[in-house]
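Below is one structure; the comments refer to it alone.
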Amino acid sequence: MARRRPERLRHTAVTLLCCLSAAVAVGALLLGSQGVERRVTGRAPDGAHAQEAGPVPAQVVAPHLDTRMHTAPRPSIVPRSVWLDADTRHPQPPPRYDDKVVAVFLHHTDSPNDYACADAPRIIRLLYAGHTSVRNWDDIGYNFLVDRCGTIYEGRAGGVDRAVTGAHTQGFNHRTAGIAAIGTFTAGTPVPSAMTNAIAALVAWKLGLAGVDPRSSVTLVSSNTLSRYAAGTTALLPALAGHTDGFPTNCPGAALTVRLPAIREAAARLQGRS
């Protein structure tokens, strides 16, 4: 379970983790966002899913047999020290880790798209405040965030090259990483190519550390019945999945979801795969 800490509302304007119920919000949503994404069925996740259970085995199911190790260069990643200022930062427990990352879940932040890219650090601070002050999590849930100009930001603390246990996809936070696209990407919304190119580069590098083909599928064991799979169920999921693949939600939005096949192919090419 994610560790709790005393209530300290640092901002009145906050936004929520992708697709959470607006009922948990205190004050206005970030920049006037109306929280259009929500869980499709049942109640919203309780937020205490950063550390649900011990690491569970994950098996990679490759689309074709390839015993070579395929890696990709690490893209430029802006450290969290750039967006997490002294006024927002709070003490938190040490990060928790898995042995490796074999899958990535893609999210959107359900916030406005017309931001200046120079304003992305402030937006991430508001997301952090929403996760920690409103939902009482110990840190921002996402491992990484990507803005519309293609800048990649470190999210959850613990080291970008390590398998940090996140709080992004209830039931499937172990051996996975969560990437959040800053914005709202419902059907018909343009998705900047700079953003999808950066996501592909990040996925290629992160999955390449474990030798995982972004086009493959992996078996993961659900740790929470509020996911699409009852706790203890083995699920076959894409190595690059949308939030909706593991949890009943519309996230990361239809516009990003339809781009997942192309992002997988781009990430595989960056790993040197044919």
Same cluster or not: L202 versus L270, using hydrophobic residues (I, L, V, M, F, W, Y) connected whenever any side-chain heavy atoms lie under 4.5 Å apart? no

State, with a plain yes or no, whether a side-chain heavy atom of I123 is found less than 4.5 Å away from one of T109. no

In this structure, is the centre-to-centre distance between the rings of H168 and H107 below 6.0 Å? yes

Are the side chain of N250 and the backbone of G253 linked by a donor-acceptor contact shorter than 3.5 Å? no

Using a 4.5 Å cut-off on heavy atoms from C-beta on, say whether the side chain of L260 contacts that of P238. no

Just wondering, do T132 and I140 contact through their side chains at under 4.5 Å, heavy atoms? no

Name all residues meeting the side-chain contact (heavy atoms from CB on, under 4.5 Å) criterion together with A239; count only those two or more places apart in sequence or in a different chain, and write none if there are none. L207, V212, S216, V218

Check this for me: does any side-chain nitrogen of one of R125 and D119 sit under 4.0 Å from a carboxylate oxygen of the other? no

Closest heavy-atom pair, Y153 versus A120, reported as atoms and distance to 0.1 Å, is OH-CB, 3.6 Å

N113 and T189, any side-chain heavy atoms less than 4.5 Å apart: yes

From CA spacing to verdict: side chain to side chain donor-acceptor pair (under 3.5 Å), T165, D98: CA-CA 6 Å; T165 307; D98 293 302; 3.1 Å; yes

salt_bridge(D138, R156) N-O dist < 4.0 Å: yes

Can you get from V146 to V160 by hopping between Ile, Leu, Val, Met, Phe, Trp and Tyr side chains that sit under 4.5 Å apart? yes

Between T88 and D85, is any side-chain donor less than 3.5 angstrom from a side-chain acceptor? yes

If two hydrophobic side chains count as joined below 4.5 Å and joins carry through other members, does I263 share a cluster with V258? no

Can we say R228 and D245 salt-bridge, meaning some charged N sits less than 4.0 Å from an Asp/Glu carboxylate O? no

So V101 and L209, do their side chains get closer than 4.5 Å, heavy atoms only? no

Do V102 and L220 have side chains that get closer than 4.5 Å, going by heavy atoms? yes

Check the pair Y97, V164 against side chain to side chain contact (heavy atoms under 4.5 Å, CB included), reporting the backbone distance first and the verdict last. CA-CA 5 Å; Y97 297 97; V164 179; 3.7 Å; yes

Taken in chain and number order and not counting sequence neighbours, the residues that satisfy side-chain hydrogen bond (donor to acceptor under 3.5 Å, both in side chains) with R269 are none

Going by atom types alone, do Y128 and H90 pair a side-chain donor with an acceptor below 3.5 Å? yes

With a 4.5 Å cut-off on side-chain heavy atoms, are D213 and R273 touching? yes

Establish, for the pair R74 and W205, whether the NZ or CZ atom is under 6.0 angstrom from the six-membered ring centre and no further than 45 degrees off its axis. yes

If we only count heavy atoms from C-beta on, is the N143 to F105 side-chain gap below 4.5 Å? no

For the residue pair F185 and H108, does the interplanar ring angle fall in the parallel (under 30°), tilted (30 to 60°) or perpendicular (over 60°) class? tilted

No-hydrogen, no-angle side-chain donor-acceptor test under 3.5 Å, S222 and S227: yes

NZ or CZ of R148 within 45° of Y115 ring axis and under 6.0 Å: yes

